[in-house]
Enquirer: 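A single structure is presented below for examination.
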There are 2 protein chains.
Amino acid sequence: MVTASESDRRMRRRSAVRDRILDAAWRLARRDGVAAVSLRNLAREVDLTQPALYSYFAAKNALYDAMFAQGCEQLLATVTERRYGPEPRQAVKQMVADLVRFCAADLARAQLLFERPVPTFEPTPESYQLAIRFFDVGSELLARAGASDPAHRDIFTALIGGLISQQISNEPGGDRWTRHADEVVDMFLDHVNRRKDSP
Amino acid sequence: MVTASESDRRMRRRSAVRDRILDAAWRLARRDGVAAVSLRNLAREVDLTQPALYSYFAAKNALYDAMFAQGCEQLLATVTERRYGPEPRQAVKQMVADLVRFCAADLARAQLLFERPVPTFEPTPESYQLAIRFFDVGSELLARAGASDPAHRDIFTALIGGLISQQISNEPGGDRWTRHADEVVDMFLDHVNRRKDSP
DNA sequence: GTCTATACATCGATAGAC
DNA sequence: GTCTATCGATGTATAGAC
């Protein structure tokens, strides 16, 4: 007979192995690139055989999806736990700075979240929902700073995404582009608020 | 004995086959994505066997490099033949509009030039030189509009690149992001020139 | 659950005959 | 230059023993 505590232990153990697999996948992704993670290498890394991975992930894209969700949760935790000050413009700058730091801290993670390093992989709607929650936090802060127009939100996304993407692609590890984040935020908010005051 | 005209015919023929291969590669890239171009499909498309392609391109990345160079030449031709009006701000807007049109006209080409659709491929210095020449044209126009500071050039690159990249990734074929190009140019040039007038 | 073993399809790339 | 044949790698998936 299977008692509740037995099944509990089983679940725990299963989840622990799953986490070890994910950790190893991140390690390989950081070393060789997200797209270069192979199931055979991954299995060797956690002392399993390649077919055994299918007990934890139904397919390789399910592994990527779990990584995507994990990255989103980390990003969400970063901006949720943070208390952004009452001054709206400063709050936006702090949030952008957190995002820049988040990306610089793990380029593979940033690539998986914001670029498309694996052409055949698209996050499931469930995982993507986590990404949307992050955008919602940003939208809230933006709105308080005077940019509630969806068009302005799109522009802002493109501006910040552009800085980060140029940084990752052309000078990973540096700050040639991202160091201008504050200036771009100021430029953008000045622009938005000027338009509102004198239309 | 090999006469000059015979060797000439041979070169011509070789170059013609090479062009047919490149055309087919672009066709496949537009249909299936840049990364999904396979040498076997490509060979079938031009009625050759897969190993025969190695007579024309030393490796798959050499094919990508030739495509990259071709795309750069087309972009360079677009902005070089154009006569951008004497009003600097208008000229920058026209150049950005040309760039947006260029990208929208062939998403696969834009991806190969401005994103990194094939993780293992990096353009050779020779090909990248063509890309630099395009940037130089843009820098010239930007400088005339008051943005000659390298830092400002970096910011501008990120802003426009961000708009185009968001557009390609999230809504290929639409203009949700790129339609704001003129507004972003104005915002940027206002910002740059304001800083200069009142420091 | 995990293993061994195997299978199928794809891919880039190479050797050697012609 | 082009072919046939082949190599080693990949992702994916399954069967069957333990």
Side-chain angles (χ1 to χ4, degrees), chain A residues 2 6-22 24-25 28-29 31-68 112 116-124, chain B residues 2 6-22 24-25 28-29 31-68 112 116-124:
Chain A
V2 176
E6 259 178 45
S7 125
D8 204 51
R9 259 202 309 274
R10 241 172 276 215
M11 295 254 294
R12 255 184 239 282
R13 160 143 186 79
R14 183 178 167 77
S15 159
V17 175
R18 219 183 112 101
D19 285 347
R20 279 186 53 234
I21 295 174
L22 277 172
L28 291 180
R31 199 190 62 187
D32 306 328
V34 179
V37 173
S38 88
L39 295 185
R40 285 174 173 87
N41 283 344
L42 179 55
R44 193 178 315 123
E45 204 76 10
V46 292
D47 283 310
L48 284 176
T49 58
Q50 175 252 333
L53 296 178
Y54 281 82
S55 300
Y56 297 94
F57 300 96
K60 197 189 184 186
N61 277 353
L63 169 71
Y64 281 135
D65 197 54
M67 295 171 75
F68 182 88
L112 182 58
R116 204 169 284 266
V118 185
T120 71
F121 164 65
E122 223 175 341
T124 59
Chain B
V2 177
E6 256 179 45
S7 129
D8 205 51
R9 260 204 307 276
R10 239 172 276 215
M11 294 254 295
R12 257 184 236 282
R13 160 141 187 79
R14 183 179 167 74
S15 160
V17 175
R18 220 183 111 101
D19 285 347
R20 280 186 52 235
I21 295 174
L22 276 172
L28 291 180
R31 198 190 64 185
D32 306 329
V34 179
V37 173
S38 86
L39 294 185
R40 282 173 175 86
N41 284 344
L42 179 54
R44 194 178 312 124
E45 205 77 10
V46 292
D47 283 310
L48 283 176
T49 58
Q50 175 249 333
L53 296 177
Y54 282 82
S55 300
Y56 297 93
F57 299 96
K60 197 188 185 186
N61 277 352
L63 169 71
Y64 282 135
D65 197 54
M67 296 171 74
F68 182 87
L112 183 58
R116 204 170 284 265
V118 185
T120 71
F121 164 65
E122 222 175 340
T124 60

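Order of the sequence lines fixes the chain letters, A, B, ..., with proteins taken first and strands second; residue numbering starts at 1 for each chain.
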Enquirer: Less than 4.5 Å apart, any side-chain heavy atom of Glu45(A) and any of Asn41(A)?
Expert: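 With C-beta onward as the side chain, the pair stays apart.
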
Enquirer: Would you mind reporting whether Ile21(A) and Leu48(A) have side-chain heavy atoms less than 4.5 Å apart?
Expert: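 Yes, close enough: below the 4.5 Å cut-off.
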
Enquirer: Below 4.5 Å, heavy atoms only, C-beta onward: do Arg31(B) and Leu28(B) meet side chain to side chain?
Expert: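 Sidechains of Leu28(B) and Arg31(B): in contact.
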
Enquirer: Quick check on contacts: within residues 12-22 of chain A, what sits under 4.0 Å from DNA chain C by heavy-atom distance?
Expert: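 Output list: Arg14(A).
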
Enquirer: Indicate the atoms forming the closest heavy-atom contact of Ala35(A) with Pro117(A), along with that distance.
Expert: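 For Ala35(A) and Pro117(A), the tightest heavy-atom pair comes out as CB-O, 3.5 Å.
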
Enquirer: Write out all pairs satisfying ring pair (Phe, Tyr, Trp, His ring centres under 6.0 Å) with one or both partners inside residues 42-65 of chain A, taking only residues at least two apart or from two chains.
Expert: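 Listed by first then second residue: Tyr64(A)-Phe121(A).
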
Enquirer: How far does CZ of Arg44(B) sit from CD of Gln50(B), to the nearest 0.5 angstrom?
Expert: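 So the gap between those two atoms works out to 11.0 Å.
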
Enquirer: Between atom CZ of Arg18(B) and atom CZ of Arg14(B), what is the distance when rounded to the nearest 0.5 Å?
Expert: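 Here the interatomic distance stands at 7.5 Å.
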
Enquirer: Could you tell me from which nucleotide to which nucleotide of DNA chain D, 5' to 3', there is an atom under 4.0 Å from chain A heavy atoms?
Expert: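 First-to-last contact on DNA chain D, by the 4.0 Å heavy-atom rule, is dT10(D) to dT14(D).
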
Enquirer: Using a 4.0 Å cut-off on heavy atoms, which residues in residues 50-60 of chain A reach DNA chain D? List them by number, or say none.
Expert: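 Residues of residues 50-60 of chain A under 4.0 Å from DNA chain D: Gln50(A), Pro51(A), Tyr54(A), Ala58(A), Lys60(A).
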
Enquirer: How far apart are the closest heavy atoms of Ala66(B) and Leu22(B), and which atoms are they?
Expert: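 Taking every non-hydrogen atom into account, CB-CD2, 3.9 Å.
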
Enquirer: Rounded to the nearest 0.5 Å, what separates atom OG1 in Thr124(B) from atom CG in Asp65(B)?
Expert: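 One gets 3.5 Å once the value is rounded to the nearest 0.5 Å.
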
Enquirer: Tell me, which of residues 35-42 of chain B have any heavy atom that sits under 4.0 Å from an atom in DNA chain D?
Expert: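 Those residues whose heavy atoms fall under 4.0 Å from DNA chain D, taken from residues 35-42 of chain B, amount to none.
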
Enquirer: Taking the side chain as C-beta and beyond, is there a heavy-atom pair between Leu63(A) and Leu42(A) under 4.5 Å?
Expert: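 Yes; the side chains approach each other to less than 4.5 Å.
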
Enquirer: To check you understand the geometry: which heavy-atom pair defines the closest contact between Lys60(B) and Ser38(B), and what is its length?
Expert: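 Looking at all heavy atoms of both residues, the shortest contact is NZ-CA, 4.4 Å.
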
Enquirer: If you look at every strand shown and take non-hydrogen atoms under 4.0 Å, does Asn61(A) touch a base, only sugar-phosphate, or nothing?
Expert: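 No contact at all - Asn61(A) keeps every heavy atom at 4.0 Å or more from the nucleic acid.
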
Enquirer: What residues, two or more places apart in sequence or in another chain, satisfy side-chain contact (heavy atoms from CB on, under 4.5 Å) together with Thr49(B)?
Expert: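 Counting only residues at least two positions away or on another chain, Thr49(B) forms a side-chain contact (heavy atoms from CB on, under 4.5 Å) with Pro51(B), Ala52(B).
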
